Amino acid sequence: MPRKQSLELVQGTLDMLVLKALVFGPRHGYAVARWVRETTDGRLSVEEGALYTALHRLERRGWVSSEWGVSENNRRAKYYSLDPEGRRQLQAQARTWAEYAEAVFAVLRAGEVVS
Amino acid sequence: MSLPPRVRRLLRVRDPARDVDEELDFHFARTVEDLVSRGWSEGAARHEAERRFGDLAWYRGELESIDQGRARSERRRYRIAAVWDVTHHAARSLVRSPGLAVAVVLTLGLGLGVNVGMYGIVDRLLLSPPPHVASPDEVRRVMIEVGSPDAVPTPILTFPDFSDLADGPGLSGAAVWSE
């Protein structure tokens, strides 16, 4: 059986992943990284450093905000939460992404030569 | 010295570099902890955490520069808001007490007017050359010494002396005043 291949992240999807990770409530960077890793089963190759830069960029843009809090094992950690604008952006991007994927699938399925 | 909390909050500057350090320390500590609890050795876990993160020095620089940019724009926003606040407050209090507004406008108006008037007078008398004089640079005040060389020079002279001076060579014109 071939090894599961790790997929390079398509440009622009990083922000979407990070925003989605925050939909369930405030999370610190470690939890975001872990959630992405577990949800994708480690198939996406994304450096955790890139997740952090995405978080900080989104904060600068006003889509997420951060606050220092106390973690589950009593340490100071920076928690990020989704702002209304971030939520709107996530919805918009997810819609675009789905339409894009559907269009690509439609092309690939045309004629059904390949299974 | 202890400042009121409101003032302290305004003055508090969060150091972006320290925040980034603390955030990343937490990240690495948690990752290593997690891996160790799954049976990794401390060293291997540390190594794996670094591998997953990517180029730490580079990312650290990125994070700091993003945060510094954010801090700058926050400061700018805060200053604009502060100026707007003060202007707004001033306008509202003027509208609330028109009597005071009139008094303030009159005081300022008179003060400015008197000031400008004084400047005009001083300028006319002391600073700018008199009008109708072709070359003010060449105008001289003539003092004469009467008697011995160590007599005190004086601008006071008799009319005949003045006539001699005015008709003599060296002056293109002369004028006197009497008191």
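Heavy atoms only: backbone and side chains are in, while hydrogens, waters and symmetry mates are out. These figures come from a predicted structure and were not determined experimentally.
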Interface check, chain B: of A/H28, A/R37, A/R34, most non-hydrogen pairs under 4.5 Å belong to A/R37

Between A/T53 and B/I66 the two heavy atoms that sit nearest each other are O-CD1, 3.9 Å

_If hydrophobic clusters are built from ILVMFWY residues whose side chains come within less than 4.5 Å, do A/Y30 and A/V18 share one?_
no

Of the listed B/R60, B/E62, B/E33, B/E22, the one with the largest count of heavy-atom pairs under 4.5 Å with chain A is B/E22

Review point. Does atom CZ of A/F105 have more than 12 heavy-atom neighbours, drawn from other residues, nucleotides or ligands, at distances under 6.0 Å?
Key: no

Honestly, the part of A/A33 sitting under 4.5 Å from a heavy atom of chain B is side chain

ask   = Should the heavy atoms of other residues, nucleotides or ligands under 6.0 Å from CD of A/E38 be counted, would the total exceed 12?
value = yes

To the nearest 0.5 Å, atom CZ of A/R57 lies from atom CG of B/L63 at 10.0 Å

Under 4.5 Å to a heavy atom of chain A? For B/F26 that would be side chain

- prompt: Would a hydrophobic clustering, with Ile, Leu, Val, Met, Phe, Trp and Tyr connected at side-chain separations under 4.5 Å, put B/V95 with B/V105?
  reply: no

Report whether A/V36 and A/W97 are members of the same hydrophobic cluster (ILVMFWY, side-chain heavy atoms less than 4.5 Å apart, transitive linking).
yes

Heavy-atom closest pair (B/A49 atom, A/E48 atom, distance to 0.1 Å) is O-OE1, 4.4 Å

Q. Side chains of A/Y52 and B/E23: do they bring a donor and an acceptor to under 3.5 Å?
A. no

*CA sep, side-chain torsions, deciding dist, call: A/N73, B/R30, side chain to side chain contact (heavy atoms under 4.5 Å, CB included)*: CA-CA 10 Å; A/N73 55 358; B/R30 279 303 310 266; 3.6 Å; yes

Shortest non-hydrogen pair, A/R60 vs B/R70, comes out as CA-CD, 3.6 Å

CG of B/D19 to CZ of A/R76, rounded to nearest 0.5 Å, is 7.5 Å

Between the OG atom in B/S65 and the NE2 atom in A/H56, the distance rounded to the nearest 0.5 Å is 11.0 Å

Do B/V122 and B/L125 sit in the same hydrophobic cluster, where Ile, Leu, Val, Met, Phe, Trp and Tyr count as joined when their side-chain heavy atoms come under 4.5 Å apart? yes

Can you tell me if CD on A/E72 sees more than 12 non-hydrogen neighbours from other groups inside 6.0 Å?
yes

Within a 6.0 Å radius of atom OH on A/Y100, are there more than 12 heavy atoms belonging to other residues, nucleotides or ligands?
no

